[in-house]
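What you are looking at is a predicted structure, and each value in this text was computed from that prediction instead of being measured. Along the sequence shown, the residues carry numbers beginning at 1.
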Amino acid sequence: MLIHHLFPFADRIPQSAEIIWLFGNNSLETHLGLWGKYCVAIFLFISGYGYALSKRRDKGYYLDKIIKIYRTTLLIFVIYIPLDIYFNVDRVVSALDIKHILFNILGFYSNYNGEWWFLFPYVLMVAVTPLMNALRNNALILFILSIIIHNLPASQYIIGAFLWWQTAYVIGFICGIYQQKLAIYQPNKIIYKLGLFMLSLIVLIWGYNTFNIEEMLFFTPLFIYILKLTSEIMPKFIKIVFVELGRKCQIIWLVHSFYCYHFAGNFIYSPKYSVLILLNLLVVSYVSAVVLGFIEKNLVSGYHKIINKRLSLH
């Protein structure tokens, strides 16, 4: 995700930025950045997979998840949008009416931060998960419905994004339903794992050269399998780092573009070397996620203490 937003789009890079590419030109970073868009499909697949495995399936569970998403979003909004106003970011200061403020918080609009386009589509996917659970014993019907929805036209971009990307979520959900059965067919011998790894890689490269990244949703399980095998040979320390970043991924997603696009672009690109630029944005976003997570945790804790105190007085 970070690579996707840092390098492939020349018009988003500060004009004063001087970038020293890893191999003398931007070919590697650009291709990796284009692949980075696949993070959307990967995240949705994993989310759908996780919800399928969840033992809780009541509507209140999903409502709590949606409330938490919006709670985190609101906290970031009330901190970063004033910073945008202070730094006179035009896309924000030119649309400060109540409608734009409310609709950007809810995710109906994403004109304040273009990378928030994903907010409302994802909320919708979580909201319809109880309906998906009702069809978990009819996975084929669920898949067919997903394909039909995937191809429906939409005049509104945010709704169109939901219609298009929900397929990765549904595929992940279906894989979660059949997790135990799928595990039986996974090869155990190294030679077979390597063979399936190479086959998956070849298919993905073919897909990348044939389709747009957005059109490769049906290849997501292959990418997930590659990531799974890669994780098995990772050093333990690297695994710990990725797990920690995964836990902070929502906040990192919501804040990173404020730094590289809105008011700190020159600082983010100041290390010059592409690898260090990426590391710079990652560290800044991660530290922000830790701080914001701490603030949110204490606000929620304080709120519950106040509510419990009031209840105890009655």
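- Side-chain atoms of Glu244 never come within 3.5 Å of backbone atoms of Val241 as a donor-acceptor pair (strictly under, hydrogens ignored).
- The shortest side-chain heavy-atom distance between Met1 and His256 falls under the 4.5 Å cut-off.
- Residues Leu75 and Phe294 do not share a hydrophobic cluster, clusters being chains of Ile/Leu/Val/Met/Phe/Trp/Tyr side chains in contact below 4.5 Å.
- Qualifying salt bridge (Lys or Arg N to Asp or Glu O under 4.0 Å) partners for Lys68, counting only residues two or more places apart in sequence or in other chains: none.
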- Item | Trace of the side-chain contact (heavy atoms from CB on, under 4.5 Å) decision for Asn25 with Thr30 | CA-CA 9 Å; Asn25 60 60; Thr30 297; over 6 Å; no
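- Residues satisfying the salt bridge (Lys or Arg N to Asp or Glu O under 4.0 Å) test with Glu232, not counting sequence neighbours, are Lys193, Lys228.
- Shown here are the side chain to side chain donor-acceptor pair (under 3.5 Å) partners of Tyr80, two or more places apart in sequence or in another chain: Tyr259.
- Atoms CG and CZ, from Leu83 and Phe258 in turn, are 9.0 Å apart once rounded to the nearest 0.5 Å.
- Val300 and Val78 fall into different hydrophobic clusters, where Ile, Leu, Val, Met, Phe, Trp and Tyr are joined by side-chain heavy atoms under 4.5 Å apart, directly or via other members.
- In this structure, Val284 and Phe267 approach most closely via the heavy-atom pair CG2-CE2, 3.9 Å.
- Residues that satisfy the ring pair (Phe, Tyr, Trp, His ring centres under 6.0 Å) test with Tyr109, not counting sequence neighbours, are His100, Phe103.
- How far CG of Leu142 is from CD1 of Ile177: 6.5 Å, rounded to the nearest 0.5 Å.
- Heavy atoms from other residues, nucleotides or ligands lying under 6.0 Å from CD1 of Ile67 number more than 12.
- Partners of Asp97 by salt bridge (Lys or Arg N to Asp or Glu O under 4.0 Å), not counting sequence neighbours: none found.
- Listed by first then second residue, pairs satisfying ring pair (Phe, Tyr, Trp, His ring centres under 6.0 Å) with a partner in residues 118-153 read Phe43-Phe118, Phe43-Tyr122, Phe108-Phe120, Phe118-Tyr122, Phe118-Trp253, His150-Trp164, His150-Phe218, not counting sequence neighbours.
- Taking CD1 of Ile158 as the start and CZ of Phe162 as the end, the distance is 12.5 Å to the nearest 0.5 Å.
- Other residues, nucleotides and ligands place more than 12 heavy atoms under 6.0 Å from the CZ atom of Arg71.
- The number of heavy atoms from other shown groups lying within 6.0 Å of CD (Gln156) is above 12.
- Side chains of Tyr261 and Glu115: no donor on one and acceptor on the other come within 3.5 Å.
- Using a 3.5 Å distance cut-off with no hydrogens or angles, the side chains of Ser110 and Asn104 do not pair a donor with an acceptor.
- Between the Arg12 side chain and the His5 main chain, no donor and acceptor come within less than 3.5 Å of each other.
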- Task: Before giving the answer on side-chain contact (heavy atoms from CB on, under 4.5 Å), spell out for Leu204 and Trp35 the whole-Å C-alpha distance, their side-chain angles and the decisive distance to 0.1 Å.
- Result: CA-CA 10 Å; Leu204 284 173; Trp35 270 107; 4.1 Å; yes
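- A search for side chain to side chain donor-acceptor pair (under 3.5 Å) contacts involving Asp84 returns His262, not counting sequence neighbours.
- Between Tyr38 and His4, the distance from one ring center to the other does not fall under 6.0 angstrom.
- Scanning for side chain to side chain donor-acceptor pair (under 3.5 Å) contacts around Tyr112 gives an empty result, with sequence neighbours left out.
- In this structure, the side chain to side chain donor-acceptor pair (under 3.5 Å) partners of Thr129, at least two apart in sequence or on a different chain, are Tyr169.
- Annotation: the span from Leu96 atom CG to Ser94 atom OG amounts to 7.5 Å, rounded to 0.5 Å.
- To the nearest 0.5 Å, atom CG of residue Leu199 and atom CG of residue Leu222 are 7.5 Å apart.
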Side-chain donor-acceptor contacts of residues 17-24 below 3.5 Å, not counting sequence neighbours, with atom names and distances?
none

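- For Glu214, the salt bridge (Lys or Arg N to Asp or Glu O under 4.0 Å) partners two or more places apart in sequence, or in a different chain, are Lys37.
- Linking Ile, Leu, Val, Met, Phe, Trp and Tyr whenever their side-chain heavy atoms come within less than 4.5 Å leaves Ile190 and Ile233 in two separate clusters.
- A chain of hydrophobic side-chain contacts below 4.5 Å, direct or via other Ile, Leu, Val, Met, Phe, Trp or Tyr residues, connects Ile141 to Phe173.
- Nearest approach of Glu29 to Ser274, heavy atoms of both residues: OE2-OG, 2.7 Å.
- More than 12 heavy atoms of other residues, nucleotides or ligands shown are found within 6.0 angstrom of CZ on Phe9.
- At a threshold of 4.5 Å between non-hydrogen side-chain atoms, the residues Lys272 and Ile277 do not count as touching.
- Heavy-atom contacts from other residues, nucleotides or ligands closer than 6.0 Å to CZ of Phe87 number more than 12.
- Side-chain heavy atoms closer than 4.5 Å link hydrophobic residues (I, L, V, M, F, W, Y) into clusters, and following such links, even through other members, never connects Tyr192 to Leu194.
- In this view, Phe211 and Trp206 satisfy the ring pair (Phe, Tyr, Trp, His ring centres under 6.0 Å) rule, not counting sequence neighbours.
- Annotation for Lys239: atom NZ counts as buried by contact number, over 12 foreign heavy atoms lying within 6.0 Å.
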